[in-house]
Amino acid sequence: MKLFIIAFKNLKRKKTRSVLTIGGVAIAVAVLVSLLGFNAGYQIALNNDVDKMGYQVLVTAKGCPYEAATLMLKGGGGLRFMEEEVFDRIVQDERIDKITPQLINTVFDADKDGGGGFTMFMGIEKSYLTLKPWTEFKEGEWFSDENADEVIIGYEAAELEQRRAGDKIFIPGIDKVLTVSGIFERTGTQDDGVIMLPLKTAQRIFDLEKKLTGIGIKLKDMTELPAFEEDLYDEASIQVISMAQVKGTIMNLISTAQILVTSVAFIAIIVAIFGVVNTILMSVFERTQEIGVMKAIGASKLDVFSLIWYETILICGLGGIVGSIIAILAGNSVEFFVKKLLPYAPEGNLVHITSGLLLLSLVGAIVLGLVSGIYPAYRASSMRPIEAIRSGE
Amino acid sequence: MSTIITAEKLKKVYTTEAETIVALKEIDFTVAEGEFVCIMGPSGAGKTTLLNLIGCLDSISGGALDVSGYKLAEIKERRMPQIRRTHVGFVFQEFFIIPTLTATENVELPSFFLKDGGIKNSREKAISILKQVGLEHRLNHLPGELSGGEMQRVAVARSLMNSPRIILADEPTGNLDTKNAQNIFSLLREVSKDNNMTVLVATHNVRLGHQADRIIHLHDGIIDKIEQCEAA
Ligand SMILES: Nc1ncnc2c1ncn2[C@@H]1O[C@H](COP(=O)(O)OP(=O)(O)O)[C@@H](O)[C@H]1O
Ligand SMILES: [Mg+2]
């Protein structure tokens, strides 16, 4: 313990150098903590997103499954259309607990976000609410009629456009005015940004009679899923996507990005180790005489080894603490960039830093110190006292 | 008085790539417990070499050297640190106190290396030794804030910390002015008398040398003569 204090005082000898080395370790730790935090956070956010869709299986028209998976998460279905009669057939299945048809269409709005953008419209039926029982109205109510010229707006879409129940909205390109019958509360899913209208109305005004983009299904018993999927393989025009598959697909998409960031973190760690070894070795050589004197007044090899080891552990431990703080503070910016870069980013916190993760990174930093301290500490401990003392002459 | 150091045909040879130097050529002498002995001789005579051998800092090339009951010629190198921290205290010409530690911490330092728990109240002991050497007003000063004479006092205090039986001082006054040199020398004498410690001082200052009990005159690795001093 007393040697620890001596080690600490020694860090103050060359302040700039100590600070720079600690900074190097801190950056490596910060990158690593953010990365691991992101891994955990993304999983959680993705699971939450997928679970909040309310269904375990989505039936869509045949097409690229990746595209379908992403589009679906962004709003409920791939933009290929299937015949409504498929729904009429599937709905008979005994194994189904809940089922809801959807028709999604996007409309280009030249005024949106300044430079123009797509607005997503989704035709739904009342069964939508049974699959998403947590959905509540912030104001207004359900469509007055299943063929009404009305919309219900997701929380964020309503915020963005400053809509209230009773307002009229105009759909560009179609020349149609609809009345806002209600606004949903925030759900924390992609549905918050969608404008919903009755399925029949959607089919009518978008000129997509008898068409659907997807069917969301919840089974009574999840274990029947493989058999259920098997049976639907016979339908030539559709494909079945299970949410488990979707999760896997999306995790695949981001794994490339993860490999990249992992290698960056790995390089940062290697650089940090070299930095620490270099700093400590330099400080050992500068103190050759002092180490010789310590040995002359009784320090054993082990004492000297421990002293130098403590110094590296201190540098790395401090770096670990500073790095963790940086990671926590930078979490929001990391999130911002990640959301820009990734093909699909779920709602909610993407970087999830837990106390366990912080503890792990601190332990990791100390292990880093233990490893990088070995060589300098060995060099110091094996110095011969008289030669070390004479080295100053 | 009992004998604490006995050298018989003690020899030290340095082998470098270029040459072989015989720094001590089979010397014989004894030192009694509590004695204050000066080792005098010109530069290169072998004074440092002799102190290093007695202090367990270097290996012996031939003959025998018994220090405080240890037969140093036969002792394994890995046992040397233990003898250094318990039986001898070093004082160097260049002081060699740790610049990042305060006076008290520097004095306390050797006790950190003691095994089996060290000294109980090491801090208090360090402070009392500093008082003994007249530095009670410099306890928390860093070396950079001390004068040369004060630094050497800290070094003397440090050599006393583990209560060794022998103090080895290698030209302790070499970096000090006349007045401070005399003070340090007197301090070493006092310490020796008060604690019945054996002190060996290497110096080439004749005036100081004659304040010792005995002088061992060393020249080219050979003892010229051993002189008994009046003052003693
Ligand atoms: N480590 C060493 N390697 C080689 N030669 C040495 C070494 N130490 C001392 N010497 C030589 O041994 C002789 C005695 O040196 P030293 O004991 O330092 O003398 P003093 O302390 O009396 O000036 C000198 O010739 C010196 O050059
Ligand atoms: Mg010398």
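Just so it is clear: chains get the letters A, B, ... in the order the sequence lines come, proteins before strands, and each one is counted from 1.
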**Pairing residues for A:A380 by the side chain to side chain contact (heavy atoms under 4.5 Å, CB included) criterion, not counting sequence neighbours** =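 In terms of side chain to side chain contact (heavy atoms under 4.5 Å, CB included), with neighbours along the sequence ignored, A:A380 is linked to A:V284, A:I291, A:V304, A:I308.
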Side-chain heavy-atom pair B:E33, B:N196 within 4.5 angstrom cut-off =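 A side-chain contact under 4.5 Å exists here.
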Quiz item: Does a side-chain heavy-atom distance below 4.5 Å link B:R158 with B:E108?
Solution: no
Option in [options] with maximal non-hydrogen atom pairs under 4.5 Å from chain A:
options	value
B:N52, B:L109, B:I98, B:N162	B:I98
B:S159, B:P99, B:G89, B:P164	B:P99
B:F90, B:F92, B:F112	B:F112

A:K295 bridged to A:E290 by N-O distance under 4.0 Å
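Not counted as a salt bridge, because no side-chain N and carboxylate O are separated by less than 4.0 Å.
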### Message
Under a 4.0 Å threshold between the charged nitrogen and the carboxylate oxygen, would A:D303 count as salt-bridged to B:K115?
### Response
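Salt bridge present between B:K115 and A:D303.
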- When only heavy atoms count and the cut-off is under 4.5 Å, which of residues 60-85 of chain B reach chain A?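 The list, in residue order, reads B:E77, B:P81, B:R84, B:R85.
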Count the heavy-atom pairs under 4.5 Å between each of A:I6, A:N10, A:I5 and chain B, then report the option with the highest count.
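With the most close heavy-atom pairs to chain B, the winner is A:I6.
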Contact leader toward chain B among A:R13, A:K301, A:R384, where contacts are heavy-atom pairs under 4.5 Å |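 Of the candidates given, the most pairs with chain B belong to A:R13.
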Is it the backbone or the side chain of B:D58 that comes under 4.5 Å from a heavy atom of chain A, or both, or neither?
->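 For B:D58, backbone and side chain are both near chain A.
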Turns out that what part of B:S122 lies under 4.5 Å from chain A's heavy atoms comes down to side chain
The residue among B:I127, B:L135, B:V133 that forms side-chain contact (heavy atoms from CB on, under 4.5 Å) with B:K131 is B:I127
Requested in this report: Give every residue pair that meets the ring-ring contact (aromatic ring centres under 6.0 Å, His included) criterion with at least one member in residues 296-319 of chain A, sequence neighbours excluded.
Outcome: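 The answer is A:F4-A:Y310, A:F305-A:W309.
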### Task
Scan for salt bridge (charged side-chain N to carboxylate O under 4.0 Å, His left out) pairs involving residues 355-373 of chain A, sequence neighbours excluded, and state none if there are none.
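Every candidate salt bridge (charged side-chain N to carboxylate O under 4.0 Å, His left out) pair involving residues 355-373 of chain A fails, so no pair, neighbours aside, qualifies.
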### Message
Using every non-hydrogen atom in the two residues, find where A:M383 and A:F285 come nearest and quote the distance to one decimal.
### Response
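Between these two residues, the closest heavy atoms are CE-CD2, 4.2 Å.
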Applying a strict 4.5 Å limit to non-hydrogen atoms, the region of A:R287 in contact with chain B is neither
ask   = Do the numbers put B:K12 on top of the ring of B:Y14, so that NZ or CZ is under 6.0 Å from the six-membered ring centre and no more than 45° off the axis?
value = yes
